[in-house]
Participant: 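Please find one structure pasted underneath; my questions will follow.
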Amino acid sequence: MATLYLIPFVLLLQTWTVCDAQNVKVEPFIYGYVGNQAILRCQFVDPDNSLQVTQITWMKNPTTSKVNLAVYNPDFGINYPTDTGGRIHFRKVTNTDATLIIDRLEMADDGIYSCEFATYPDGNQDATTNLTILAKPENSGKTILVQAGHAEVPVARCVSANGKPPATINWSGGSEGNVSETVTKNNNGTFTVTSEYLMIPTGDNNGEKLTCVVMQQALDRPETIPITLSVQYAPIVSIEGYDENWYLDREHASLTCSAKANPQTLNYKWLLNGKPLPSSIQVDGHQLTVRDVSYIVNGTFTCEVTNSLGTGRAKMDVVVREDPVDSGSTTGAIVGGIIAAIVILTVLVTAVLIFKRQRKNTDEEEDDLEPPNYKPPPPKKTLEGIDKVMKTEDEKMESIPITTTYFETGAEEDNGMTLTQYYDEPGLNTEVKSANIAVRPGDYLEQENPIYNDLSYNEPEEHRKSQEFVSKGMYV
Ligand SMILES: *[C@@H]1O[C@H](CO)[C@@H](O)[C@H](O)[C@H]1NC(C)=O
Ligand SMILES: *[C@@H]1O[C@H](CO)[C@@H](O)[C@H](O)[C@H]1NC(C)=O
Ligand SMILES: *[C@@H]1O[C@H](CO)[C@@H](O)[C@H](O)[C@H]1NC(C)=O
Ligand SMILES: *[C@@H]1O[C@H](CO)[C@@H](O)[C@H](O)[C@H]1NC(C)=O
Ligand SMILES: *[C@@H]1O[C@H](CO)[C@@H](O)[C@H](O)[C@H]1NC(C)=O
């Protein structure tokens with residue numbers, strides 16, 4: 001019979017009307033959260049009233065351990081052969097309704113449940129419900145601090161812990177890399193998925209942004225975790241600012257030492273021809289200045305930069321000339337003339353603009369003195385207010401424990417019937433409703449559900465109310 005449920009539902013209905021082989025109706029799949037309640041519906045449909053029900057039995061794992069959970073006999077009454085601490089009981093058993101309630105769901109409740117009707121004269125008929133317990137994972141990501149090198153190493157790690165089913169973790173952004181994933185099954189049936197992003201790190205990868213995307217049935221939406229790579233590397237050094245025009249008696253010439261490094265704490269050291277600098281040269285960290293150029297500085301300057309990972313160096317050959325590089329050619333003169341003209345024009349235009357603006361400013365200042373036109377700058381408080389609101393919302397989101405949303409919604413007892421988490425009507429219980437929306441694992445079930453409710457279920461009057469609320473009822 002179980003194979004019947006693999007057939008698309010519409011087909012199943014056709015089969016049913018044609019041969020009417022199956023009188024026992026259940027929901028093939030139900031999803032539930034730890035701590036919530038599950039309702040395993042089971043109905044016996046006998047339009048001709050031709051069958052007599054002699055006994056009803058709910059069994060867990062009918063193909064393996066065969067644990068009898070609940071038995072009903074029209075003559076002898078109800079019995080629960082397995083001790084479940086009162087968590088499992090019939091809702092309101094009759095000869096046609098054997099709906100079973102499981103309270104305070106545990107991970108171990110995951111499994112196949114069969115609802116079996118013993119009938120006369122046809123014999124036994126059963127149908128099975130696959131109850132899947134879901135657990136929302138806790139997701140986190142972090143940067144793994146690495147040093148630039150030649151081997152492939154993990155540079156970032158994302159962990160989706162204690163989820164069921166196991167999460168899928170994808171990576172996006174950043175340079176090309178490889179991903180290594182491990183999935184471990186925890187004792188309570190949940191899974192912890194660890195995904196590492198691997199690459200051969202270079203200094204260029206430092207500060208690169210990656211995102212890990214965690215997808216799982218119990219999450220409302222994929223969770224994205226941004227990660228910024230941190231690659232440590234020894235300084236990469238260059239010397240800038242040499243204009244190839246150092247001539248005797250030049251009053252000011254300078255060189256700049258540039259370095260990229262991680263960590264940034266840098267120590268600069270200048271050398272001339274491999275020796276400490278003559279005292280006539282001024283050094284201010286990465287900046288070197290010569291006040292009076294002479295043949296002393298004709299040679300090779302070296303800048304050495306050190307951080308905790310090592311030292312990087314760069315060299316610059318400086319040639320001291322007797323005279324400045326000749327720029328007095330005709331083209332030079334023309335270029336000089338044009339530049340001079342542009343400068344003069346700019347100065348003139350600027351002067352006019354400044355003059356105009358000053359006049360305007362004076363006017364405005366006068367206006368400002370009149371109270372009705374005075375507009376104060378936007379108050380700073382407003383911005384701080386917004387900041388604060390955004391912050392508190394962030395904090396709120398962070399501080400909502402998963403258990404609040406997902407595990408505490410179903411525990412209220414009401415004559416052994418708890419329907420709160422099934423309410424799908426606006427305004428009845430918004431908190432619970434949001435939990436319901438959050439846990440919808442697949443659309444196909446939604447599509448099946450209305451058909452199921454409308455066509456295959458004819459519950460007795462006293463259950464109508466609850467049935468209305470069960471439109472999304474397969475998720476508990
Ligand atoms: C029950 O359903 C879940 C997913 O809906 C599936 O992973 C699992 O294999 C099913 N169990 C059996 C025994 O078919
Ligand atoms: C996630 O990665 C898997 C394979 O690594 C791929 O098949 C799947 O399409 C990806 N999903 C998304 C949403 O990117
Ligand atoms: C990914 O792994 C393959 C095979 O081990 C290797 O050839 C490749 O260089 C790796 N890619 C990166 C970006 O590390
Ligand atoms: C499963 O066990 C882990 C510890 O191994 C625990 O942190 C987690 O909360 C448990 N999850 C459930 C749903 O019981
Ligand atoms: C300056 O150095 C260059 C080589 O760097 C050399 O050819 C030249 O002779 C030197 N000039 C003087 C005056 O030392």
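Residue numbers run from 1 in the order of the sequence given.
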Participant: Output, in order, the C-alpha distance, side-chain angles, deciding distance and verdict of side-chain hydrogen bond (donor to acceptor under 3.5 Å, both in side chains) for Thr194 and Glu181.
Facilitator: CA-CA 6 Å; Thr194 304; Glu181 184 176 274; over 6 Å; no

Participant: Can you tell me how far CG of Asp243 sits from OG of Ser254, rounded to the nearest 0.5 angstrom?
Facilitator: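 Those atoms lie 8.0 Å apart.
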
Participant: Give a yes or no on this: more than 12 heavy atoms of other residues, nucleotides or ligands lie within 6.0 Å of atom CG of Asp284.
Facilitator: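 Atom CG in Asp284 is not packed in, count stays at 12 or less.
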
Participant: State, with a plain yes or no, whether a side-chain heavy atom of Trp171 is found less than 4.5 Å away from one of Leu210.
Facilitator: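 Yes. Closest side-chain heavy atoms under 4.5 Å.
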
Participant: Under 4.0 Å between a side-chain nitrogen and a carboxylate oxygen: does that hold for Lys164 and Asp110?
Facilitator: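 Looking at Lys164 and Asp110, the cut-off is met.
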
Participant: Give me the atom names and distance for the closest heavy-atom approach of Leu272 to Gly299.
Facilitator: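 Scanning both residues completely, I find the closest heavy atoms to be CD1-C, 4.1 Å.
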
Participant: Check for a donor-acceptor pair, side chain of Thr143 on one end and backbone N or O of Leu145 on the other, with a separation under 3.5 Å.
Facilitator: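 Here the side-chain-to-backbone pair does not exist.
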
Participant: Taking all non-hydrogen atoms of both residues, which atom of Asn139 and which atom of Leu219 are closest, and how far apart?
Facilitator: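 Between these two residues, the closest heavy atoms are ND2-CD1, 3.7 Å.
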
Participant: In sequence, state the C-alpha distance, the side-chain angles, and the governing distance for Thr192 and Asn186, and then conclude on side-chain hydrogen bond (donor to acceptor under 3.5 Å, both in side chains).
Facilitator: CA-CA 7 Å; Thr192 296; Asn186 305 314; 3.2 Å; yes

Participant: Can you check whether Pro28's main-chain N or O pairs, donor with acceptor, with Thr129's side chain at less than 3.5 Å?
Facilitator: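 Side chain of Thr129 to backbone of Pro28: no pair is present.
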
Participant: Keeping Arg321 on the side-chain end and Asp323 on the backbone end, is there a donor-acceptor pair under 3.5 Å?
Facilitator: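 Flag not set: sc Arg321 to bb Asp323 has no pair under 3.5 Å.
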
Participant: Hey, what's the ring geometry for Trp270 with Phe301, parallel, tilted or perpendicular (30° and 60° as the breaks)?
Facilitator: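 Aromatic pair Trp270/Phe301 classed perpendicular.
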
Participant: State, yes or no, whether a side-chain contact exists between Val290 and Trp246 at a heavy-atom distance under 4.5 Å.
Facilitator: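 Result yes, sub-4.5 Å side-chain heavy-atom pair found.
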
Participant: Which pair of non-hydrogen atoms, one from Gly310 and one from Pro235, has the smallest distance, and what is that distance?
Facilitator: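 That would be O-CD, 3.4 Å.
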
Participant: With heavy-atom distances below 4.5 Å as the criterion, would you say the side chains of Asn245 and Pro324 are in contact?
Facilitator: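 Yes, their side chains come closer than 4.5 Å.
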
Participant: Mind checking the CD1-CG spacing from Ile30 to Asp109? Nearest 0.5 Å is all I need.
Facilitator: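 Going from the CD1 atom of Ile30 to the CG atom of Asp109 covers 12.0 Å.
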
Participant: Would you say the side chain of Leu131 lies within less than 4.5 Å of the side chain of Leu105, judging by non-hydrogen atoms?
Facilitator: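 With C-beta onward as the side chain, the pair touches.
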
Participant: Taking all heavy atoms of Gln264 and all of Leu266, pick out the closest pair and write down the distance.
Facilitator: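 Answer, listing the atom of Gln264 first, then Leu266: O-CG, 2.6 Å.
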
Participant: Any salt bridge (charged side-chain N to carboxylate O under 4.0 Å, His left out) involving residues 141-157? Give me the pairs, sequence neighbours left out, ordered by first then second residue.
Facilitator: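 Qualifying pairs, neighbours excluded: Arg157-Glu196.
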
